[in-house]
Amino acid sequence: MPEPGRRSGRPGHVADATGDPYTGRVSQTPSLPPVYQPAEVEQRRYAGWIEAGYFTADAASDKPPYTIVIPLPNVTGSLHTGHALDHTIQDALIRRKRMQGYEALWMPGLDHAGIATQNVVERQLAAEGLSRHDLGREKFVARVWQWKAESGGMITHQMRRLGDSVDWSREAFTMDEPRTRAVRTIFKRLYDDGLIYRAERIINWCPRCLTALSDIEVDHSDDEGELVYIRYGEGERSVVVATTRAETMLGDTAVAVHPDDDRYRHLVGVEVELPLTGRRIPVVADAHVDPEFGTGAVKVTPAHDPNDFEIGQRHGLPSLTVLDERGVVTAHGPFQGLDRFEARPAIVAALREQGRIVKEVRPYVHAVGHCSRCHTTVEPRLSLQWFVRTAPLAKAAGDAVRDGRVRIVPEEMTKRYFDWVDNMHDWCISRQLWWGHRIPVWYGPDGEMVCVGPDEEPPAGPGWRQDEDVLDTWFSSALWPFSTLGWPEDTPDLRKFYPTSVLVTGYDILFFWVARMMMFGLYAMDGVPPFHVVALHGMVRDKHGKKMSKSFGNVVDPMDWIERYGADATRWTMARGANPGADVPVSEEWCAGSRNFCNKLWNATRFALTNGAHTRGPLPDGLSAVDRWILSRLSQVIAEVDERFEAYELARVCDVLYHFAWDDVCDWYLELAKPVLAAGGPAAERVRRVLGEVLDQLLRLLHPIIPFVTDELWTALTGGESVVIAPWPVPDRSRRDEAAEAEVAALQKVVTEIRRFRADQGLRPSQRVAARLSGLAGAGIADHEPLVRSTARLDDPGEGFAATATLTVTGGVVVELDTRGAIDVAAERARLERDRAAAEKEAAQARAKLANEAFLTRAPAHVVEQTRQRLAAAEEDLARIAAALDTLSGGRESA
RNA sequence: GGGCGCGUAGCUCAGCGGGAGAGCACCCGCCUUACAAGCGGGAGGUCGCUGGUUCGAUCCCAGCCGCGCCCACCA
């Protein structure tokens, strides 16, 4: 096998093919190299697109708008496979709409990514032996801006490599001036409407990041712990509680039992002694307690457990904080200063010494929350934070989907959405960080609290200070669909491009982001939801469908694939798996296959150009059946691609186009065109036009997914400016031609049968075989004998022709071949016997059905008819095979 | 604990009431004048299991087995 690159030494093969081997015509275009080289093309094309301003949307345009806002990548991030998938889908949608004549805006931008970015810069400082506190708030924030300017937003460069047709002139950042203004505006409005409030609540606290977290920033995993049974109190007045968090007992202020639990009825209202502390705490009755779990008695720690906090509220219990912000014990006594995880065994040991431990169950697996940023175990903590009152906002967000104003694709995800918005807790939006939008609230010397709007001056004077906290990053992300368009100003962009057309993102952030954009969009934009459709895709996985993870070593870097296979191949690999909600398995082999597909298009177009294919003038009359067939297929393909695109089924789009391009166009149409081109004349002239037409349309259809190679080829083929701005194909129903399709199907069948015979007989492609054909007219392909001969490599019967084998094909075509004894009669007989068995089975099946009275009366007429046809076809096959076997036994058995 | 989904060719998946499909991998043959990143041919599946509905089930229903995901404040 020749190595790639070391190709055949055929004369003229490697050299640029500029001469037409069939007509001698010289190609009209600069020569295309024989193998597609993505790197140079991509760089040149992208620069050209930007220079031409194709992606810059015009708010003053008369065209209907089509808008997508990008799921804003983190400023700290780089392009991973998830982006490659997400961006490929969006770019495909936006490019198609642009071609369809919409004013298409794909809005790019970056998220300031509060915790993530602060962590990056803090790590840098740590390397210098500094902490953010050494710098102070102002200098630290300046340092983060400096970091952003120098190393942030790497992904925006990688997006250019992927070919994203975003409008760079509108690039936004969640911390830039217009977006900051949007944040200040909505905060003020929500505050004034009573939808933002400050309260002391149990929140998720990360003892490492030292900040509050919202529910969605907490990941739960099943961790092993131990359930410890501890006796509180003495004798009659004692109760055994079960806990996984013994260290919090120092903050217990009650024991709770179920009101209907007879075992403990006598204890309700009684006080028991809390071990190790000498404090006495009451036993209270609360319906929250599950009598089935543990002992049916729960220790109550209002300051360190959300349930206990609520029990405490109901019963007027005090909250006793015994852990500080780092999770270190603050309660006076021998445990003071111990970390929470050191304190736990220490306290259990102390209790055991006192004989308080009744029993231990280990291991006990239960769900434990972890910080989604650093995986530290989250500590429920009582603290003073800012919250968004979500109930009314979430109701509106649910209604917008319920009443159909917003559609979620795939529909199955809708239920998940409802589960989320219908059960949403108030959203903790304050973070104890420095990088982010500072909460615009000032506190006065006498306990005043003033929320300051974007155009207002904060209160000045001694004793006034601004809230130290910043807002959750997702707060500004939730404004993205309208803050990027200039809200709160009434801008031309906002009027033209809001609401956006579709939001494309992974199902993993349906809740994180989508629900919140819905809430804020509906609120800020007077009930107009931020998008019409939410199109969810899945996660990119490895070729075994496994999640990509660093520890597994199966992570793919899309930039690596772009370098080695090209951006188009990378995009195609993503797109061909991208159906709504479906995970996308990818692998390097598949990316190589995608590269091969691009190369196939390259060579098909190269062939077409060297043979004078063009797109000038209308399609001629007098087209052959083959020409009419490919145009008929093209019309079908356009319609199907449209349908799949509208359903966000990119994988189907790819499937349809792949098979049309490779099977129909390359394997059949081009092969059938070759002899016509070689013969020259008006038929060849017609083929040149049809071939140009088919490739022109095909390249347009492919362009949204593989923009680079299609632009390079399309401009070479058509001489047009760019396929980026070429009109999207419209299916021409008048080109549908069932007769031509049937004719070509029959032709393909005959050719395939002959090829199979040749392969079975071990006849080399190079071995010329003379043959006599008959019965073509009966099969409806009377005109195609030359095509059958050239495609199946059969010579005309010359002098001394002697038929040594007869092949009978479905439809009554008979091929007599002069194989001069090369034929293996035994092998051929074996094959025919196999065919006969299959045909008999088929016929028997059909006969059985048709003999069934119930089938005939109950089944729909078309099904019965279809079955009759199946039977007829099977019987014809049987007759054909019997005839062939007869001929065979009449022939001579070869050695 | 609640909800959703999936088990079809070696792998990844499509099909979802009437003839088992694709890509890759595999086998055989080919430098056939666009492409060896290619061309032609081929093999490979009791459609998870058990019942039910139906003239007919990979497809609908029920149960079971196996797998995955999401949500969740049972200590």
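First the proteins, then the strands, lettered A, B, ... as listed; each starts at 1.
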Subject >> Out of B:C11, B:A75, B:G23, whichever nucleotide has its closest atom nearest the side chain of A:Arg576 >> reply: B:G23
Original post:
Which nucleotide in the list B:U32, B:G42, B:A34 gets nearest to the side chain of A:Ala604?
Top reply: B:A34
**OP:** Quick one: look up who B:G5 pairs with, Watson-Crick or G-U, both distances under 3.5 Å, and put none if it's unpaired.
**Re:** B:C67
Original post:
Quantified in whole Å, what is the C1' atom distance between nucleotide B:C28 and nucleotide B:G21?
Top reply: 23 Å
Original post:
Under 4.0 Å between a side-chain N/O of A:Arg764 and OP1 or OP2 of B:C30, yes or no?
Top reply: yes
**OP:** Name the orientation class of the two ring planes belonging to A:Phe597 and A:Trp662 (parallel below 30°, tilted from 30 to 60°, perpendicular beyond 60°).
**Re:** parallel
**OP:** May I have the distance from A:Leu32 (atom CG) to B:A34 (atom P), rounded to whole angstrom?
**Re:** 15 Å
Original post:
B:G17 and B:A57: how far apart are their P atoms, nearest whole angstrom?
Top reply: 14 Å
Original post:
Is A:Asp308 touching bases, backbone alone, or none of the nucleic acid, heavy atoms closer than 4.0 Å?
Top reply: nothing
Original post:
At under 4.0 Å between heavy atoms, what does A:Glu671 touch on the DNA or RNA strands: base, sugar-phosphate, or nothing?
Top reply: base
Original post:
Using a cut-off of 4.0 Å on non-hydrogen atoms, how would the nucleic acid contact of A:Arg595 be classed: base, sugar-phosphate, or nothing?
Top reply: base
Original post:
Taking atom types as modelled and ignoring hydrogens, do the side chains of A:Asp252 and A:Thr301 form a donor-acceptor contact shorter than 3.5 angstrom?
Top reply: yes
Original post:
When you measure from the side chain of A:Asp760, which nucleotide among B:C55, B:A34, B:G41 comes out closest?
Top reply: B:G41
**OP:** For A:Glu412 and B:G5, give me the distance from atom CD to atom P, rounded to whole Å.
**Re:** 7 Å
Subject >> P atoms of B:G7 and B:U58, separation to the nearest Å >> reply: 15 Å
Original post:
Between A:Trp590 and B:A37, does any side-chain N or O lie under 4.0 Å from OP1 or OP2?
Top reply: no
Original post:
Looking across every strand, which nucleic acid part, if any, lies under 4.0 Å from A:Arg245 by heavy atom: base, sugar-phosphate, or nothing?
Top reply: nothing
Original post:
Can a cation-pi geometry be assigned to A:Lys674 and A:Phe607, taking NZ or CZ under 6.0 Å from the six-membered ring centre and within 45° of the ring axis?
Top reply: yes
**OP:** For B:C6 versus B:G48, give the span between their P atoms, rounded off to a whole number of Å.
**Re:** 12 Å
Subject >> Phosphate OP1/OP2 of B:G38 contacted by A:Asn599 side-chain N/O (<4.0 Å) >> reply: no
**OP:** Whole angstrom is fine here: how far is it from NE2 in A:His659 over to P in B:A22?
**Re:** 8 Å
**OP:** Round to the nearest Å and state the distance from A:Glu640 atom CD to B:G15 atom P.
**Re:** 12 Å
Subject >> Atom pair distance, as rounded to whole Å: CZ in A:Arg870 and P in B:A20 >> reply: 7 Å
**OP:** Using heavy atoms to find the nearest nucleotide of RNA chain B for A:Thr605 and A:Asp419 separately, return the residue whose nucleotide is more 5′.
**Re:** A:Asp419
**OP:** Tell me what A:Cys598 touches on the nucleic acid: a base, only sugar-phosphate, or nothing, going by heavy atoms under 4.0 Å.
**Re:** nothing
Original post:
Which is true for A:His425 with a 4.0 Å heavy-atom rule: it touches a base, it touches only sugar-phosphate, or it touches nothing?
Top reply: base
Subject >> Stepwise salt bridge (Lys or Arg N to Asp or Glu O under 4.0 Å) test for A:Arg847 and A:Glu842 >> reply: CA-CA 9 Å; A:Arg847 270 192 214 102; A:Glu842 173 80 0; over 6 Å; no
**OP:** Determine the interatomic distance between P on B:C65 and the same-named atom on B:A75; round to the nearest Å.
**Re:** 26 Å
**OP:** Please determine, for the side chain of A:Val863, which listed nucleotide (B:G41, B:A37, B:G18) has the closest atom?
**Re:** B:G18
**OP:** Write down the distance separating the C1' atoms in B:C59 and B:C70, rounded off to the nearest Å.
**Re:** 27 Å
Original post:
Reckon A:Lys415 has a side-chain N or O less than 4.0 Å from the OP1 or OP2 of B:C70?
Top reply: no
**OP:** Could you tell me whether the phosphate oxygens of B:C39, OP1 or OP2, come under 4.0 Å of any side-chain nitrogen or oxygen in A:Lys600?
**Re:** yes
Original post:
So what does A:Val289 hit on the nucleic acid, given a heavy-atom distance under 4.0 Å: a base, only sugar-phosphate, or nothing?
Top reply: base
Original post:
According to a strict under-4.0 Å criterion, is A:Arg416 in side-chain N/O contact with OP1 or OP2 of B:G5?
Top reply: no
**OP:** Ignoring backbone atoms, establish whether A:Arg858 has a side-chain N or O less than 4.0 Å from OP1 or OP2 of B:U54.
**Re:** no
Original post:
Given that both distances must come in under 3.5 Å, which nucleotide forms a Watson-Crick or G-U wobble pair with B:A37?
Top reply: none
Subject >> Side chain A:Arg756, main chain A:Val751, donor-acceptor under 3.5 Å >> reply: no
Subject >> B:G68 to B:C61 separation - C1' atoms, rounded to the nearest Å >> reply: 24 Å
Subject >> Nucleotide opposite B:U54 in a Watson-Crick or G-U pair, distances under 3.5 Å >> reply: none
Original post:
So what does A:Thr857 touch, heavy atoms closer than 4.0 Å: a base, only the sugar-phosphate, or nothing?
Top reply: nothing
**OP:** For A:Ile202, report the nucleic acid contact type (base, sugar-phosphate, nothing); a contact means any heavy atom under 4.0 Å.
**Re:** nothing
Original post:
Where the side chain of A:Pro860 is defined as all heavy atoms beyond and including C-beta, which of B:G18, B:C71, B:G42 is the nearest nucleotide?
Top reply: B:G18
**OP:** For B:A34, take OP1 and OP2 only and decide whether either is under 4.0 Å from a side-chain N or O of A:Arg606.
**Re:** no
Subject >> Integer angstrom distance from the P of B:A25 to that of B:G63 >> reply: 42 Å
**OP:** Establish, from distance only, whether the side-chain atoms of A:Tyr507 and A:Asp583 form a donor-acceptor pair under 3.5 Å.
**Re:** yes
Subject >> Residue pair A:Glu712 / A:Tyr36, side-chain donor-acceptor N/O under 3.5 Å >> reply: no
